[in-house]
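Right, one structure below, let's go through it.
As the structure lists them, so they are numbered: ligands from 1, and atoms in each ligand from 1.
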Amino acid sequence: MIEVKNLTKMYGEKLAVNDISFTVEKGEILGFLGPNGAGKSTTMNMLTGYISSTSGQILINGKDIFENPKEAKANIGYLPEIPPLYLDMTVDAYLNFMFDLKKCKLPRRAHLDDVCGLCKISDVRKRVIKNLSKGYKQRVGLAQALINNPPVLILDEPTVGLDPNQIIEIRTLIKKLGKKHTVILSSHILPEIQAVCDRIIIINKGTVAADGTADEIAKNITNEHKMTMRIEGETHTASDKEKITEAIRSIEGVKYVRADMEREKGIYDYDIETDGKTDVRRELNKICSKNGWNIMMLQLSDLTLEDIFLKITMGEQIGLEKKGKKSKVRINLVTEGNAEAEAADEKSAEEAPAEKTEDTENAGGDK
Ligand code: ADP
Ligand code: MG
């Protein structure tokens with residue numbers, strides 16, 4: 001449905017999106033997860049043809065967004081980071097206006113009734129948009145994106161600034177929309193993405209740092225496996241602890257061992273970290289049985305998606321292993337220099353309007 005190849009965007013000297021590639025299948029709900037400034041909005045603005053790319057290709061349903069913008073954009077409904085609402089219009093007037101702008105051929109009244117029903121804004125259609133709550137405004141923004149029933153929906157931080165109840169409503173709505181549409185949604189909040197998306201792309205500093213389901217991403221971290229073992233020694237004394245720690249440390253593939261609290265009399269927990277390549281559990285078993293120690297518990301504690309997200313975005317180097325092929329992901333540390341660069345970006349932010357392409361028909365109400 002969507003194919004992105006080697007997409008790059010420079011704002012002047014600033015590299016905002018750096019050679020990213022991915023595909024989205026029909027009917028998928030894909031989450032773009034990344035901290036502020038990662039390049040999510042820039043990518044979405046290119047996907048929707050709202051800004052041009054520096055290089056790379058985007059195909060929407062086989063149509064090149066830059067070469068055949070009209071045909072490609074006809075497939076997309078876009079809710080930008082700041083919804084393109086005309087605040088002095090009523091909801092009805094605005095949606096009718098968007099209906100005309102998108103040259104929608106569907107039966108007007110029935111289609112707008114459907115869209116309003118779906119977005120739960122039927123009761124505010126006569127109200128002026130500026131008087132609506134943030135949650136309602138966001139739903140009007142979504143309704144606008146749904147006009148003309150586009151197969152692809154692109155939603156940039158759709159729940160930002162909403163209260164918890166409104167967030168749940170929008171999430172439920174997005175899930176429902178995902179049954180009929182291909183959806184890409186961005187967020188800097190992990191639980192948000194986890195709750196709604198089938199697949200996650202973690203974007204950091206303009207590059208794809210991870211791509212897969214939440215489970216795949218969490219499982220594919222290979223350079224750090226942790227486990228906790230509870231072992232009963234022979235003598236139930238601290239000397240057992242020394243011996244056991246030493247024995248575990250001697251196993252190939254074990255990087256780190258630390259005896260933790262005494263859990264039961266003379267029984268300790270041992271936190272073990274391995275190199276991620278060696279499964280040390282069998283060897284641990286053998287050593288324990290040889291010495292007459294009893295394993296009372298063994299608990300694997302792989303990194304959660306949250307650990308991974310933090311590691312990626314806080315700038316540690318991790319290794320991701322995909323099924324079949326290995327892909328090492330190197331992430332640079334966030335430095336002072338980058339903070340300065342961010343500040344400099346703010347100044348050049350006014351360049352943006354010049355980047356827009358001429359055809360903004362389906363870009364969601366370019367003012
Ligand atoms: P996100 O949506 O993930 O928060 P953005 O795509 O908005 O990130 O921004 C990515 C980077 O590009 C940031 O460093 C941001 O400062 C910079 N940037 C965004 N828009 C502009 C612009 N119009 N001019 C210059 N720099 C920009
Ligand atoms: Mg953004």
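Note: an N/O pair closer than 3.5 Å links K40 and ligand 1 by distance alone. Not a single N or O atom of N36, backbone or side chain, sits closer than 3.5 Å to an N or O atom of ligand 1. An N or O contact shorter than 3.5 Å is missing between A16 and ligand 1 by distance. An N or O contact shorter than 3.5 Å is missing between T43 and ligand 1 by distance.
The residues D279 and R282 are annotated as salt-bridged, a charged nitrogen and a carboxylate oxygen being separated by less than 4.0 angstrom. For K120 and E169, the salt-bridge test fails: no basic side-chain N is under 4.0 Å from an acidic carboxylate O.
Atom CD of E67 has 12 or fewer neighbouring heavy atoms from other residues, nucleotides or ligands inside a 6.0 Å radius.
Within the structure, the closest approach of G34 to ligand 1 does not fall below 4.0 Å when heavy atoms are considered.
Sorting the N, O or S atoms of E81 by how far they are from the Mg ion (ligand 2) puts OE2 first.
Residue K14 approaches ligand 1 through these ligand atoms, each under 4.0 Å from one of its heavy atoms: 14 (O). Ligand-side atoms of ligand 1 in range of S41: 1 (P), 2 (O), 6 (O), 7 (O), range being under 4.0 angstrom from any heavy atom. Counting atoms of ligand 1 from 1 in the listed order, those under 4.0 Å from a heavy atom of T42 are 5 (P), 6 (O), 9 (O), 10 (C).
The backbone of P35, and not its side chain, has at least one atom closer than 4.0 Å to an atom of ligand 1 (non-hydrogen atoms only; backbone = N, CA, C, O). Under 4.0 Å from ligand 1, not a single heavy atom of H188 appears.
The only option from I184, L79, I170 that meets the side-chain contact (heavy atoms from CB on, under 4.5 Å) definition with L155 turns out to be L79.
Outside the 6.0 Å centre-distance limit, the rings of Y94 and F99 are not counted as a close aromatic pair.
For the residue pair T207/N18, the side-chain donor-acceptor check at 3.5 Å is not satisfied. Counting only N and O atoms by type, the side chains of T235 and D240 include a donor and acceptor under 3.5 Å apart. Side chains of N45 and T42: a donor-acceptor N/O pair is absent below 3.5 angstrom, by distance only.
The nearest N, O or S atom of S41 is closer to the Mg ion (ligand 2) than 2.8 Å.
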